[in-house]
Amino acid sequence: MTQTTATPTLANLTISQLLAQRVEAALSAAGAAGAPAVIQPSGKPEFGDFQANGVMGAAKAAKTNPRELATKVVAALDLAGIADKVEIAGPGFINIHLAPAFLAQRLEVARNDETLGIIKPAPQKVMVEYSSPNLAKEMHVGHLRSTIIGDAIARVLAFAGHDVQRCNHVGDWGTQFGMLVAYLVEAELNGDLSSLQQDVRTEERIAEINREIDKLSSRREHDERGQVALLGDALTRFEELKAEIEKLEASESDNLHGLELHDLEGFYRKSKQRFDEDEAFANRARDYVVKLQSGDPEVKVLWRMFVNLSLAHCDAVYKKLNVSLNRKDIRGESAYNDDLPVVVSDLRAAGLLEESQGAQVVFLPEFKNPEGEAQAMIIQKKDGGYLYATTDLAAVRYRHRTLDLKRVVYVVDARQSLHFQQLFTLSRKAGFAPADMALEHVAFGTMMGEDGKPFKTRSGDTVKLIELLDEAIRRAYELVNEKNPSLPDETRSRIAQAVGIGAVKYADLSKNRTSDYIFNWKAMLSFEGNTAPYLQYSYTRVASVFRKVGEFDSSAAIVIAEPAEKQLALQLAQFDEVIAFVSDTCQPHQLCSYLFALAQQFSRFYEACPILSAEGAVRDSRLAIAALTARTMKAGLSLLGIAVLEEM
RNA sequence: GCACCCAUAGCUCAGUUGGAUAGAGUGUCAGUUUCCGAAGCUGAAGGUCGCAGGUUCGAUUCCUGCUGGGUGCGCCA
């Protein structure tokens with residue numbers, strides 16, 4: 001669990017942390033110092049709200065009777081103002097019933113706090129690398145999971161108070177871009193490059209600025225917090241240069257000569273076809289690759305034109321998906337081009353590099369190849385070219401040396417887990433990543449069709465992501481028409497957008513990411529069960545209360561009296577725990593489970609405890625609980641990148 | 001051959017350093033609507049946690065072996 005650095009007091013601990021602290025103090029007083037309390041939410045209502053399971057383990061270690069130890073622990077346990085009943089049960093469980101007034105107090109704190117009273121850990125510089133499509137192709141369903149899981153993780157980490165950098169490590173480099181550029185010139189510009197002169201000059205200026213930035217990078221110092229950073233003049237200059245690049249690049253992307261590619265996939269296919277059929281075209285393409293990698297400004301302009309076209313397509317997908325990635329988060333493979341020879345020389349200097357069959361490789365004895373020998377990681381091909389492993393190493397190096405990140409999470413398909421293990425191992429050995437810099441591969445399984453096989457069209461083609469999203473919105477629109485035909489069409493479209501996209505995202509996010517998952521339109525778009533539409537509907541029910549309420553005292557005291565009120569309050573009071581848990585484990589499905597349980601608790605509360613027809617202080621208190629529920633649901637869903645609606 | 005992931009109710013899935021009678025949803029059956037949105041709520045039935053051992057007060061969880069499924073393992077990313 002995430003630790004806080006501030007002095008532990010009642011106010012900056014989650015309930016579990018607070019109970020653990022008190023139970024451990026009691027264990028210590030009972031002669032079992034150092035034993036963990038093992039606090040968890042109780043499995044059943046009759047076992048209270050939380051249970052401490054640590055006594056059995058402690059008794060075993062001390063070779064004493066667990067019931068007797070439990071008796072001593074409970075006698076020493078100070079939960080004044082926190083619990084109103086503590087019981088010993090079974091072999092030595094301690095069941096804790098929280099005091100309603102204590103829960104009410106937690107809710108008051110959450111109500112008066114912008115971030116719902118969550119406990120903030122010490123902020124960390126974290127990067128989340130996700131989505132990362134190859135720009136030579138249109139985005140397809142294979143990009144969906146990384147994009148939405150990564151986005152949810154980035155949002156949760158930022159909400160938890162961390163300094164989060166999103167990184168879209170797009171594939172924008174390599175041999176296929178020569179082919180694409182050649183086709184761009186031929187098919188879209190009719191071989192006429194005269195209109196590019198302005199952009200070529202811009203490109204030359206960008207290269208000049210980048211050289212100056214590289215020089216500045218050597219002037220990093222330690223700031224007052226001990227962080228490595230650019231200081232004073234260097235920092236000012238760095239920011240100026242960054243701003244100028246941004247402006248220059250924006251001017252380029254505005255100058256696309258009216259080009260629009262509605263069918264990137266077709267563009268890619270046709271360029272490949274030309275490459276295969278026409279020798280002269282193929283030679284031009286190869287020539288462009290060489291020029292591109294040596295920094296030829298004219299080819300760079302053409303390349304950037306294609307990249308911008310492709311990124312515009314990505315932007316459209318992200319916008320439709322409600323994903324928070326934008327151009328500032330892009331740092332593609334091309335960004336590391338100049339670092340690749342440095343990676344090679346660093347590895348050589350560290351004595352890790354060897355030549356094998358003409359290629360520069362690193363042998364890793366930690367991994368075995370099919371012949372049982374040390375696994376080779378190819379750093380540079382025999383023709384001098386580099387591979388994605390080299391780029392990834394350069395990225396790790398950059399993320400430490402320049403960005404000084406403390407944690408990097410890679411939201412990438414599980415099939416690449418071996419690659420990441422090797423990458424992380426070599427990064428440590430080569431000193432690209434120090435021991436205190438966490439590198440995590442957040443892996444996920446494959447998206448399957450309803451037949452249990454990888455998700456494809458009927459004819460076996462990959463499904464374009466934008467088409468999948470449009471279908472989700474179309475299906476949601478049909479549902480809205482059935483349920484609520486009287487709404488204005490514009491409203492129905494807006495609801496369909498939120499429901500369709502929410503359904504696709506929630507279906508994915510609510511499952512444990514490590515396993516493959518089965519894509520099912522009917523299940524994800526159902527308004528019953530653990531789905532986005534159900535949660536969105538729950539939210540509108542709370543919202544509707546406030547449409548009808550009129551005047552009320554929004555700062556009235558919260559009083560927990562009825563069992564359904566207590567259960568809802570208990571759920572609300574655990575929001576901080578789930579945020580901390582998801583921050584640690586990068587498992588958004590835990591947040592989904594939480595929100596579903598919250599929605600259910602609210603529905604039960606709604607059945608059992610009339611709000612608007614109650615009177616006086618009871619009415620105000622229930623309104624306050626409902627308002628906090630709405631805020632929590634909205635915040636939780638927005639962390640998943642899912643929109644809520646006031647009516648649907 | 002080696003490595004990683006997975007196997008839990010008819011179906012889709014949870015299960016937090018090993019904890020109490022393994023939980024949700026869906027589907028099935030039953031109840032519930034003078035009351036804030038019934039797209040709700042309540043209840044019932046439904047399990048050899050893939051198989052076999054081991055560790056211990058206690059194993060779905062940890063270890064070993066096996067079966068079955070997925071994925072990966074030197075010049076693609």
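In what follows, every chain begins at residue 1, and chains take the letters A, B, ... in the order their sequences are listed. Predicted, not measured: the structure shown is a model, and the values here were computed from it.
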Counting only side-chain nitrogens and oxygens, does [X] get under 4.0 Å of the OP1 or OP2 atom of [N]?
X	N	answer
A:His589	B:G15	yes
A:Arg415	B:G70	no
A:Lys381	B:C76	yes
A:Gln600	B:G25	yes
A:Tyr534	B:C41	yes
A:Arg541	B:A38	yes
A:Gln587	B:A14	no

Separation of atom [atom1] in [X] from atom [atom2] in [N], rounded to whole Å:
X	N	atom1	atom2	value
A:Ile15	B:U16	CD1	P	20 Å
A:Leu353	B:C75	CG	P	17 Å
A:Lys368	B:G74	NZ	C1'	15 Å
A:Lys511	B:U26	NZ	P	13 Å
A:Phe47	B:G23	CZ	P	10 Å

Using only modelled atom types and a 3.5 angstrom limit, is any donor from either the side chain of A:Thr531 or the base of B:G25 paired with an acceptor on the other?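 Checked by distance alone, the answer is no.
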Quick check: any donor-acceptor pair below 3.5 Å linking the side-chain of A:Asn369 to the base of B:A3? no
Taking [M] as the reference, what is the distance to [N] when you measure between their [atom1] atoms (whole Å, please)?
N	M	atom1	answer
B:A20	B:A44	C1'	24 Å
B:G15	B:A9	P	15 Å
B:G65	B:G1	P	14 Å
B:U56	B:C49	P	22 Å

Face-to-face contact A:Tyr537 to B:A39 six-ring, under 5.5 Å, under 30°: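 A:Tyr537 vs B:A39: stacking yes.
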For A:Phe93 and B:A20, is the gap between ring centres under 5.5 Å while the planes differ by less than 30°?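 Yes.
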Go through A:Arg415 and A:Asp413 one step at a time and tell me if the salt bridge (charged side-chain N to carboxylate O under 4.0 Å, His left out) criterion holds. CA-CA 5 Å; A:Arg415 284 174 289 197; A:Asp413 195 303; 2.8 Å; yes
Ring geometry between A:Tyr388 and A:His419 (parallel below 30°, tilted from 30 to 60°, perpendicular above 60°):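 Answer is parallel, since the angle falls under 30°.
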Charged N to carboxylate O under 4.0 angstrom, A:Lys522 versus A:Glu450? no
Which is more 5' along RNA chain B, the nucleotide nearest A:Gln375 or the one nearest A:Arg604? Just name the residue.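 The residue closer to the strand's 5' end, by nearest nucleotide, is A:Arg604.
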Go nucleotide by nucleotide along RNA chain B from the 5' end; which of A:Glu646 and A:Glu46 gets its closest nucleotide reached first?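 Result: A:Glu46.
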Within a strict 4.5 Å, meaning less than it, do heavy atoms of the A:Ile148 and A:Pro588 side chains meet? no
Kindly state whether the ring of A:Phe424 and the ring of A:His441 have centres lying under 6.0 angstrom apart. no
